[in-house]
Asks: 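This is the structure I want to talk about, given as structure tokens.
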Amino acid sequence: MNDQTVKIKLGNITNLSDARFAAAAGIEYMGFCFDTNNVNYIPPVKAKQIIDWTSGCFVVAEFGNQSINEILAITEMLNIDIVEINNHLLPTDLVEIDKPIIKKLDISLFNKESLTAEIALYSNKVDAFHLFASHENNLITEEQLKEICANHKIIWGLNTSSKTIKAIIASYQPYALNITGGDEEKTGVKDFDELNNILDVLGIFEG
């Protein structure tokens with residue numbers, strides 16, 4: 001792990017190239033999407049093969065609208081470190097997950113008051129919030145996002161690129177940045193230019 005103040009989560013990993021890059025670069029978290037409705041879904045068996053070939057990163061299981069039983073089964077099968085949920089499970093349901101939890105929130109679905117209420121509802125049950133937006137929303141202000149980042153552990157998934165990172169960190173100071181993995185050009189061949197640019201901006205060693 002690196003000692004950079006802002007951590008990195010490389011999510012939606014679907015191939016060994018991304019996972020090896022994450023491990024070599026000292027990226028803190030690598031995420032695998034087990035939501036079958038997501039284009040980045042990876043079968044648990046394939047994820048296990050990748051995880052077994054890497055070390056040094058915390059492994060995050062990224063779930064969609066799945067039941068507690070399915071979440072627990074995959075988490076146990078892969079010996080997952082952290083669970084990320086993106087569904088409507090109630091805070092009382094989360095006590096069954098004996099792992100640190102990230103609550104993913106699509107801020108485009110909220111207004112200022114409802115986002116504040118949602119975060120307050122889950123704040124004592126989860127370890128971090130992953131903020132993203134499926135479409136533009138002008139109801140959430142810059143000031144509110146700054147306040148959320150100041151008071152909670154926030155994984156920032158909003159418009160994150162090598163061109164925006166410095167401004168994001170300066171303005172919001174999130175706990176971590178979420179970056180999405182991508183497909184290989186062919187097995188074992190992957191273009192890491194953008195990810196290398198991001199790490200270079202942050203002063204993190206590229207593997």
Side-chain angles (χ1 to χ4, degrees), residues 1-16 18-20 22-23 26-38 40-107 109-110 115-132 148-157 174-181:
M1 301 296 174
N2 65 67
D3 294 325
Q4 194 74 19
T5 300
V6 178
K7 312 299 182 185
I8 293 182
K9 174 179 174 280
L10 183 61
N12 290 344
I13 290 176
T14 58
N15 55 79
L16 183 57
D18 274 344
R20 283 179 167 171
I27 289 174
E28 280 75 17
Y29 308 100
M30 60 180 185
F32 298 86
C33 179
F34 301 115
D35 177 4
T36 55
N37 294 318
N38 191 301
N40 295 301
Y41 167 76
I42 183 170
V45 172
K46 182 179 178 181
K48 186 178 190 315
Q49 293 171 345
I50 295 173
I51 293 167
D52 287 347
W53 273 96
T54 56
S55 62
C57 302
F58 293 112
V59 178
V60 182
E62 303 165 341
F63 293 100
N65 192 28
Q66 287 148 294
S67 68
I68 281 288
N69 288 339
E70 186 173 357
I71 290 172
L72 294 177
I74 293 175
T75 299
E76 182 177 355
M77 171 187 172
L78 303 182
N79 193 25
I80 293 297
D81 297 307
I82 300 166
V83 171
E84 180 175 282
I85 59 169
N86 184 20
N87 55 28
H88 299 292
L89 290 173
L90 296 174
T92 51
D93 296 327
L94 303 184
V95 296
E96 296 186 47
I97 303 174
D98 190 24
K99 300 284 183 181
I101 298 172
I102 298 168
K103 171 68 172 173
K104 194 172 183 182
L105 292 176
D106 182 353
I107 67 169
L109 303 179
F110 297 89
L115 180 59
T116 298
E118 184 80 355
I119 289 176
L121 184 64
Y122 285 90
S123 61
N124 291 329
K125 301 296 182 181
V126 305
D127 295 84
F129 293 96
H130 174 179
L131 304 184
F132 76 107
I148 291 171
C149 289
N151 293 308
H152 303 278
K153 189 181 287 187
I154 297 300
I155 299 172
W156 187 275
Y175 168 76
L177 300 169
N178 186 80
I179 301 166
T180 302

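Residues take their numbers from the sequence shown, with the count starting at 1.
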Asks: Determine yes or no for a side-chain-to-main-chain donor-acceptor pair under 3.5 angstrom, with Glu28 supplying the side chain and Ile8 the backbone.
Replies: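 Checked: pair present.
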Asks: Kindly state each residue pair satisfying ring-ring contact (aromatic ring centres under 6.0 Å, His included) with at least one member in residues 62-98, sequence neighbours excluded.
Replies: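 Qualifying pairs: Phe34-Phe63.
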Asks: Once you round to the nearest 0.5 Å, how far does CD1 of Ile27 lie from CZ of Phe58?
Replies: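 It comes to 14.0 Å.
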Asks: State, to 0.1 Å, how close Leu89 and Asn87 come at their nearest heavy-atom pair, and which atoms those are.
Replies: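 That closest heavy-atom pairing would be N-OD1, 3.2 Å.
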Asks: Are Met30 and Val59 close enough that some pair of their side-chain heavy atoms sits under 4.5 Å apart?
Replies: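 Answer yes - side chains close enough.
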Asks: Taking the cut-offs as 6.0 angstrom to the six-membered ring centre and 45 degrees off its axis, would you call Lys153 and Tyr175 a cation-pi pair?
Replies: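 Ring-cation test returns yes.
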Asks: Of the non-hydrogen atoms in Tyr41 and Asp35, which two are nearest, and what is the gap between them?
Replies: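 Nearest heavy atoms, Tyr41 then Asp35: CB-O, 3.3 Å.
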Asks: Do Ile154 and Ile148 have side chains that approach each other closer than 4.5 Å (heavy atoms only, starting at C-beta)?
Replies: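 Yes; the side chains approach each other to less than 4.5 Å.
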Asks: Are any side-chain N or O atoms of Ser123 and backbone N or O atoms of Ala120, one a donor and one an acceptor, separated by less than 3.5 Å?
Replies: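 Checking the backbone N and O of Ala120 against the side chain of Ser123, a donor-acceptor pair under 3.5 Å is found.
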Asks: Enumerate the salt bridge (Lys or Arg N to Asp or Glu O under 4.0 Å) contacts for residues 50-70, please, sequence neighbours excluded, ordered by first and then second residue.
Replies: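 Counting only pairs at least two positions apart or across chains, the salt bridge (Lys or Arg N to Asp or Glu O under 4.0 Å) contacts touching residues 50-70 are Lys9-Glu62, Lys48-Asp52.
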Asks: Of all heavy-atom pairs between Leu177 and Ile155, which one has the smallest distance, and what is that distance?
Replies: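 Heavy atoms of Leu177 and Ile155 come nearest at C-CG2, 4.4 Å.
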Asks: For the side chain of Gln66 and the backbone of Gly64, is there at least one donor-acceptor N/O pair under 3.5 Å apart?
Replies: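 Here the side-chain-to-backbone pair exists.
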Asks: Any donor-acceptor pair under 3.5 Å linking the side chain of Asp93 with the backbone of Leu90?
Replies: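 Yes, because the side chain of Asp93 sits within donor-acceptor range (under 3.5 Å) of the backbone of Leu90.
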Asks: Is a donor on one side and an acceptor on the other found under 3.5 Å between the side chain of Asp127 and the backbone of Ile101?
Replies: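 Yes: the side chain of Asp127 pairs with the backbone of Ile101.
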Asks: Testing Ile74, Ile51, Ile80, Val60 one by one against Phe32 for a side-chain contact (heavy atoms from CB on, under 4.5 Å), which residue passes?
Replies: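 That would be Ile51; it is the only one of Ile74, Ile51, Ile80, Val60 passing the side-chain contact (heavy atoms from CB on, under 4.5 Å) with Phe32.
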Asks: Find out whether the Lys NZ or Arg CZ of Lys104 is both under 6.0 angstrom from the six-membered ring centre of Phe132 and within 45° of the ring's axis.
Replies: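 Yes, a cation-pi geometry.
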Asks: Which pair of heavy atoms, one from Ile119 and one from Phe129, lies closest together, and at what distance?
Replies: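 The answer is O-CZ, 3.5 Å.
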Asks: Can you list every salt bridge (Lys or Arg N to Asp or Glu O under 4.0 Å) pair that touches residues 117-126, not counting sequence neighbours?
Replies: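 Listed once each, the pairs would be none.
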